[in-house]
Structure formats: structure tokens, C-alpha cells
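Right, one structure below, let's go through it.
Computed from a predicted model, the values in this text were never measured in an experiment.
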Amino acid sequence: TIFLVEAKRNIPWSKPEDISYATGGPIPQLGGYHNGGFNVGLADGAVLFQADSTDDATIRGLINRHDASGGSAASVPPTPREQTAKPLGPAPANNIDLSNPLAKATDAARKAQSRNNLKMLGLSLHNSHGMSGHFPQAAIVGPDGKTKHSWRVALLPNLDSDTAMAVYRAYKLDEPWDSPHNLQFLDQMPAVYRHPNAPADSSNASYFALTGPETGFGDGSKRIRLRDVKDGSSNTLMLIEAWRNIPWTKPEDIAYSPAGELPEFGGFHPDTVNILTFDGRVHSLPKTTEPAMFRALITINGRETVTLPR
């Protein structure tokens, strides 16, 4: 049974008014904040994301405490959040014309903001290392010993944000990232995980680790310490910008194999891609950077020579 529901209304918070509903009348307009659906809070404390396409009978069953025959309320399976998400669409860099002075200045400002996001993530990751003696794994196993969660979830307590901490406390680590309960947090992504050129309503992460043999995060399950970075913390890639359709809570990053093709990075700026190295520094690499340079940065123990712009 619905207890609370999202709705865009011109009703001041202190006004004693809510949404009127009559069994024989039309269903009120609900939602208005998300493309494809809206969140409802049930009387048992659960939160569900309902698609806009949900039929009227189902909505009425959720609103009524008892159905017309005196039975219990309708049992409605939650709508998977991913099914109502917008397609990823073209990368933002495709729409930036650097020959336009205003567009160039705007892009420069957002590039600086993205660098700051990476710097803050680097500080948070190093704080986590200082407290536990290692960096968080890319995919962390929950208290049940099998459920995996992203390092982005594990890092929430280190972001120095009351909101992020509240999300972490409410997030259920013994449930998958896409359980009905945990899906409600997709729209509460900390701003530091979103590139300023990404859509403001996007719940996709913008910054990723590289996982796989010889990478800084290994297969995603290994606890990496600074002393494990044999190539040097200033010469090894930790995080990188990438335009991907990966929700921020999903335990997925960018897979890399030395024998495979180099993954596609960037997508937010026409001319550069920002990276974070294990020493906490942020670098802007030209899009023309040779693939060999990226491969050298990705490996943790390749003994390559790397020269990065400061």
C-alpha cells in the first residue's frame, strides 16, 4: 500500500494539503521528477520505482488499503530501474565546438571541475588507505560473503559528506546493488562521481578504475597497497574519465587486457582526458596520446618509462 509518493505540485511544505483521491475518480498525476517513472514509499517502509507505463488498475491497487472485495492490496513487483533509464546517447564531447570562444571557456571551467573531482576522489581513496592499510577493492564483497558492491559505495564514508554518509548507512550491503531497496539510491549519486559535462540527472558514474591482469586494481578483488605499485605511484593510473552506461553503485569498472584492444576513454572533452595517478595527482592527457603511453600507465609492474604533463 502506498504511504507516500513523489509528485511535482505547487504545494508549500507547511500547507495542510496533499493529493486527493477518489476510488471512482481519475488517478492523480504522480511523479514528474524522473524520466520513465516515479518512486513510491510503501506502508512497510519499502521504496519502489514504478514505471509511468504502470496500468491504472495496479496503481489503484497500491493506493487502496483494501480492494473492492475487501481483500488485501495488490502485490506489485518492483520495476527494474535500468529498464526505464534513458539510453546513454552520444558523448558530450561530440557537442562541444572549441572554435566557439564561449564553448571553449565553458569546457575549460568544467575540465577544471572534473580535475577537482578526481583530486577529491584521490584524497578519499588515500584516506581509506590510511585507515585500513590498503585501497578499497574495485568490487567489495558484502557481509554475506558473496554480494559484491562497487568501490564507489565503499568510499561513501570517506567523502566528508553528511549526505553520502546517510546513503551509506541506508544502503544494504547484504543485498545486490540492483535490489529494490538499493536501486532507490541511484538518484542520490554524490556529485563528485558525476562529470560536470554529464547530464545533471544521470546516475551513471564518470570515473572508473581499470581492472584485469597487471592493472592497479587487479581482478577487482585484490587489496592493493601503495607498496604494491612497483612502477611508482606517480606513473600508474588509478582512475580515469569515461563515458559509460554504468550506474554508480554497480560493481563494474573498465576491464583491460594487455593482449586486447585499448578501451575507449574520455568522451567528456574534445581534446583531453583527465586521469588520476596513485600518488593523488591529476593529469590532463591529450586525446592524441599514444596507446603505448596509456598501456604503460595502466600496468602496475611493467617497468615502463612514463613522462606525464604536470
Side-chain angles (χ1 to χ4, degrees), residues 1-89 147 149 153 156 161-191 193-194 198-205 245-250:
T1 303
I2 289 179
F3 189 67
L4 294 174
V5 63
E6 292 177 334
K8 187 170 284 189
R9 297 294 177 103
N10 189 23
I11 301 177
W13 71 275
S14 58
K15 187 177 181 180
E17 180 181 344
D18 284 273
I19 300 175
S20 298
Y21 169 76
T23 302
I27 293 178
Q29 184 71 36
L30 306 175
Y33 293 103
H34 311 287
N35 289 318
F38 53 92
N39 291 307
V40 299
L42 303 185
D44 64 356
V47 177
L48 301 181
F49 186 82
Q50 291 298 311
D52 288 333
S53 59
T54 302
D55 61 89
D56 288 358
T58 296
I59 296 297
R60 291 185 189 279
L62 280 169
I63 293 175
N64 296 328
R65 286 189 296 172
H66 299 282
D67 62 20
S69 62
S72 59
S75 177
V76 183
T79 301
R81 178 64 165 75
E82 287 186 300
Q83 292 184 6
T84 60
K86 294 186 295 183
L88 186 61
T147 305
H149 300 279
V153 173
L156 289 172
S161 163
D162 291 341
T163 302
M165 192 65 199
V167 170
Y168 184 76
R169 286 172 175 161
Y171 191 94
K172 292 186 177 181
L173 294 173
D174 57 351
E175 295 183 7
W177 73 274
D178 56 352
S179 71
H181 175 83
N182 286 340
L183 279 177
Q184 67 180 303
F185 301 112
L186 287 186
D187 291 330
Q188 300 180 45
M189 179 173 71
Y193 291 145
R194 181 187 295 112
D201 62 348
S202 173
S203 58
N204 288 328
N245 192 19
I246 300 177
W248 74 277
T249 55
K250 187 175 183 179

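- Counting all heavy atoms, side chain and backbone alike, Pro190 lies closest to Ala164 at CG-CB, 4.4 Å.
- To the nearest 0.5 Å, the span separating CG on Asp178 from OG1 on Thr249 amounts to 8.0 Å.
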Give the intermediate values and the outcome of side-chain contact (heavy atoms from CB on, under 4.5 Å) for residues Leu156 and Met165. CA-CA 6 Å; Leu156 289 172; Met165 192 65 199; over 6 Å; no
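- Here the CD1-CD1 distance, from Ile59 to Ile27, works out to 6.0 Å after rounding to the nearest 0.5 Å.
- Asp174 places no side-chain N or O within 3.5 Å of a backbone atom of Thr147 that could act as its donor or acceptor partner.
- Rounding to the nearest 0.5 angstrom, the gap separating the CG atom in Asn245 from the CG atom in Asn204 is 4.5 Å.
- Atoms CD and OG, on Gln184 and Ser179 in that order, are 8.5 Å from each other to the nearest 0.5 Å.
- Counting non-hydrogen atoms of neighbouring residues, nucleotides and ligands closer than 6.0 angstrom, the OH atom of Tyr21 exceeds 12 such neighbours.
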Pair Asn39, Glu6 - check side chain to side chain donor-acceptor pair (under 3.5 Å), show working. CA-CA 6 Å; Asn39 291 307; Glu6 292 177 334; 3.2 Å; yes
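- Arg9 CZ to Lys15 NZ: the interatomic distance, rounded to the nearest 0.5 Å, is 11.5 Å.
- Atoms NE2 and NZ, on His181 and Lys172 in that order, are 5.0 Å from each other to the nearest 0.5 Å.
- In this structure, Trp248 contributes its side chain and Leu186 its backbone to a donor-acceptor pair below 3.5 Å.
- Contact between Ala170 and Phe185 at its shortest, heavy atoms only, is CB-CZ, 3.5 Å.
- Evaluated for a side-chain contact (heavy atoms from CB on, under 4.5 Å) with Ile63, the options Ile2, Ile19, Val5, Thr23 yield exactly one hit, Ile2.
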Apply the test side-chain contact (heavy atoms from CB on, under 4.5 Å) to residues Asp187 and Tyr33: give CA-CA distance (whole Å), side-chain angles for both, the deciding distance (0.1 Å), then the verdict. CA-CA 10 Å; Asp187 291 330; Tyr33 293 103; over 6 Å; no
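- A donor-acceptor pair under 3.5 Å links the side-chain atoms of Asn182 to the main chain of Pro176, judged by distance alone.
- What you find for Phe38 and Gly31 is that their closest heavy atoms are CB-CA, 3.5 Å.
- Without hydrogens or angle criteria, Arg194 side chain to Ser202 main chain gives a donor-acceptor distance under 3.5 Å.
- Taking the six-membered ring where the residue is Trp, His149 and Tyr171 present perpendicular rings, their angle passing 60° and hence far from 30°.
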